[in-house]
2 protein chains.
Amino acid sequence: MNKSTENILKNSNLRNTHGRTSILEILTKAGKPITQEQIAVKLKKTLNKTTIYRNLESFLKAGMVHRVFLNQRMWAYELSHNCTENQCHPHLICRKCKKTTCITNCNIPLFDNIPGFKIERQKILFEGLCPGCQ
Amino acid sequence: MNKSTENILKNSNLRNTHGRTSILEILTKAGKPITQEQIAVKLKKTLNKTTIYRNLESFLKAGMVHRVFLNQRMWAYELSHNCTENQCHPHLICRKCKKTTCITNCNIPLFDNIPGFKIERQKILFEGLCPGCQ
DNA sequence: CAACAAATGCAACTAAGTTGCAAAGACAAA
DNA sequence: TTTGTCTTTGCAACTTAGTTGCATTTGTTG
């Protein structure tokens with residue numbers, strides 16, 4: 001079991017359970033947004049979907065994870081170490097392969113000076129072609 | 001019946017039905033993204049939800065309308081006259097009142113020069129406070 | 001170890017959106 | 001105006017991502 005994972009959980013007042021550590025492990029390995037269903041499959045369905053959803057939600061609340069909206073009605077989750085408080089890196093949904101990619105090699109400012117609004121966070125979604133599909 | 005609406009439908013090879021014109025009327029009046037359910041209520045449930053969904057989809061295909069993702073699992077639709085081919089205006093979901101507002105008085109560039117990716121369209125979603133909630 | 005709170009699994013539920021099909025309606029040609 | 005064809009509509013049944021209630025199990029602290 002990973003020591004730092006254990007500490008992360010402790011710091012967020014979350015109990016150190018097998019379910020949580022294995023979900024975090026999978027999110028770490030994935031390195032990109034994945035869905036509840038994908039997590040369940042990688043765990044060979046040894047963890048109940050309710051449990052996965054509930055754990056992902058507690059990770060969300062603790063800020064360890066964020067989620068992006070996929071296609072029609074699914075969320076994909078990923079670790080949030082590449083995100084600042086106000087802005088997560090942009091994502092691209094590829095028109096061809098439909099996969100979601102994280103775009104971390106760009107430098108997009110925070111548009112927080114829009115008259116009349118108080119902008120606290122911004123999410124950017126690109127549509128187009130990923131490197132593999134051009 | 002609005003003559004321009006009629007022409008818009010004709011140009012998109014869509015038949016001029018009562019359902020379609022009344023949905024377009026409501027979207028025009030709304031001037032912001034609204035959901036299927038909201039449309040149905042404004043029509044006093046005289047139009048079946050299947051019909052509304054199917055018409056919204058044909059509007060989407062024709063480019064007359066675009067949609068933004070709302071809260072948990074709902075889409076909101078709005079007329080796309082304020083959008084360019086590559087970018088729609090940003091939207092803000094207010095942390096307090098949960099309403100979605102269109103932000104049209106800002107000038108955000110298209111980030112289409114990201115190495116490795118072919119960006120065709122960008123969608124920006126802000127979270128924060130709307131003018132009424134500050 | 002005991003006691004309590006939190007996490008888990010299961011089954012049933014919710015609800016936004018979809019599908020199949022028969023009936024009604026739009027529209028172009030005659 | 002009528003006819004014929006293709007599109008649109010309504011209805012009911014369905015799909016499925018995500019949620020809820022509850023009984024059981026597990027982690028943690030003293």
Side-chain angles (χ1 to χ4, degrees), chain A residues 1-3 5-26 33-41 43-62 64-77 98 100, chain B residues 1-3 5-26 33-41 43-62 64-77 98 100:
Chain A
M1 172 170 356
N2 192 319
K3 193 69 188 169
T5 300
E6 205 176 328
N7 281 336
I8 289 169
L9 288 173
K10 192 166 272 177
N11 289 340
S12 301
N13 269 323
L14 296 174
R15 286 190 179 170
N16 179 14
T17 67
H18 179 66
R20 290 203 173 126
T21 50
S22 55
I23 293 174
L24 286 176
E25 230 168 75
I26 284 169
I34 55 177
T35 64
Q36 179 284 131
E37 176 68 16
Q38 292 172 304
I39 294 171
V41 167
L43 285 170
K44 291 173 186 145
K45 300 270 185 183
T46 54
L47 210 56
N48 188 276
K49 74 167 180 173
T50 310
T51 305
I52 299 179
Y53 277 121
R54 287 201 267 229
N55 281 332
L56 286 172
E57 204 183 306
S58 46
F59 295 164
L60 269 182
K61 267 193 192 162
M64 300 157 59
V65 140
H66 63 268
R67 63 182 190 178
V68 285
F69 187 61
L70 259 204
N71 291 328
Q72 287 269 325
R73 48 167 183 260
M74 263 185 305
W75 292 100
Y77 298 77
K98 309 292 179 197
T100 302
Chain B
M1 173 172 357
N2 192 319
K3 193 70 187 168
T5 299
E6 205 176 328
N7 282 335
I8 289 170
L9 288 173
K10 192 166 272 178
N11 289 341
S12 302
N13 268 323
L14 296 174
R15 286 190 178 171
N16 179 14
T17 67
H18 179 64
R20 289 202 174 127
T21 49
S22 54
I23 292 174
L24 285 176
E25 229 169 77
I26 284 168
I34 55 176
T35 64
Q36 179 283 132
E37 177 67 16
Q38 292 172 304
I39 293 171
V41 167
L43 285 170
K44 290 173 186 145
K45 300 269 186 183
T46 53
L47 211 54
N48 189 276
K49 74 167 178 174
T50 311
T51 304
I52 299 178
Y53 277 121
R54 287 201 268 230
N55 281 333
L56 287 171
E57 204 183 306
S58 46
F59 294 164
L60 268 183
K61 267 192 191 163
M64 299 158 60
V65 141
H66 64 269
R67 62 182 189 178
V68 286
F69 186 62
L70 259 205
N71 290 328
Q72 288 268 326
R73 49 171 184 259
M74 264 185 304
W75 293 100
Y77 299 77
K98 309 294 179 196
T100 302

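Chain A is the first sequence line, chain B the second, and so forth, proteins listed ahead of strands; every chain is numbered from 1. Keep in mind the model is a prediction, meaning the values are calculated, not measured.
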Considering non-hydrogen atoms only, spot the tightest contact between [X] and [Y] and give its length.
| X | Y | result |
| --- | --- | --- |
| B:N55 | B:G19 | ND2-C, 4.3 Å |
| B:P33 | B:Q38 | O-OE1, 4.5 Å |
| B:L43 | B:L47 | CD1-CD2, 3.8 Å |

What integer distance in Å separates [X]:[atom1] from [N]:[atom2]?
| X | N | atom1 | atom2 | answer |
| --- | --- | --- | --- | --- |
| B:Q38 | C:dG17 | CD | C1' | 16 Å |
| A:I34 | D:dA17 | CD1 | C1' | 16 Å |
| B:L9 | D:dT7 | CG | P | 16 Å |
| A:I52 | C:dC10 | CD1 | C1' | 14 Å |
| B:H18 | D:dT8 | NE2 | C1' | 14 Å |
| B:E37 | C:dA16 | CD | C1' | 10 Å |
| B:L56 | C:dA16 | CG | C1' | 13 Å |
| B:L24 | D:dT8 | CG | P | 13 Å |

### Query
Residues two or more places apart in sequence or in another chain: which of them pass side chain to side chain donor-acceptor pair (under 3.5 Å) with A:T50?
A:N48
### Task
Using the test side-chain contact (heavy atoms from CB on, under 4.5 Å), find all partners of A:L60 that sit at least two apart in sequence or belong to another chain.
A:V65, A:R67, A:Y77
Please tabulate the protein-to-nucleotide N/O contacts below 3.5 Å involving nucleotides 4-6 of chain C, giving atom names and distances.
{"residue": "C:dA5", "atom": "N3", "partner": "A:R15", "partner atom": "NH1", "Å": "3.2"}
{"residue": "C:dA5", "atom": "N3", "partner": "A:R15", "partner atom": "NH2", "Å": "3.3"}
{"residue": "C:dA6", "atom": "O4'", "partner": "A:R15", "partner atom": "NH1", "Å": "3.2"}
{"residue": "C:dA6", "atom": "O4'", "partner": "A:R15", "partner atom": "NH2", "Å": "3.3"}

Polar pairs (N or O, both sides) under 3.5 Å between protein and nucleotides 19-23 of chain C?
{"residue": "C:dT19", "atom": "O4", "partner": "B:T50", "partner atom": "OG1", "Å": "3.4"}
{"residue": "C:dG20", "atom": "O6", "partner": "B:R54", "partner atom": "NH2", "Å": "3.4"}

Can you name the atoms? Protein N/O to nucleotides 28-30 of chain C N/O, anything below 3.5 Å, with the distance.
none

#### Entry: Expected output: side-chain B:S12 to main-chain B:L9 donor-acceptor under 3.5 Å
no
### Query
What bend angle does the helix from C:dC1-D:dG30 to C:dA30-D:dT1 show across its length, from five-pair end axes and to the nearest 10 degrees?
40°
Give a yes/no answer on whether the side chain of [X] brings an N or O atom under 4.0 Å of OP1 or OP2 in [N].
| X | N | answer |
| --- | --- | --- |
| B:N48 | D:dT9 | no |
| A:T51 | C:dG9 | yes |
| A:N16 | D:dT26 | no |

### Query
Which value, rounded to the nearest 0.5 Å, describes the distance between A:I8 atom CD1 and A:N16 atom CG?
11.0 Å
### Task
Measure the OG1-CG distance between A:T21 and A:L14 for me, rounded to the nearest 0.5 Å.
12.0 Å
### Task
Not counting sequence neighbours, list each pair that qualifies as a salt bridge (Lys or Arg N to Asp or Glu O under 4.0 Å) and has a residue in residues 46-57 of chain B.
none
### Task
Would you indicate what A:T46 reaches in the nucleic acid, counting non-hydrogen atoms under 4.0 angstrom: base, sugar-phosphate, or nothing?
sugar-phosphate
### Task
Return the set of residues passing salt bridge (charged side-chain N to carboxylate O under 4.0 Å, His left out) with B:K45 (not counting sequence neighbours), or none when no residue passes.
B:E37
### Task
Find which nucleotide of DNA chain C each of A:K49 and A:N55 is nearest to by heavy atoms, and output the residue with the more 5' nucleotide.
A:N55
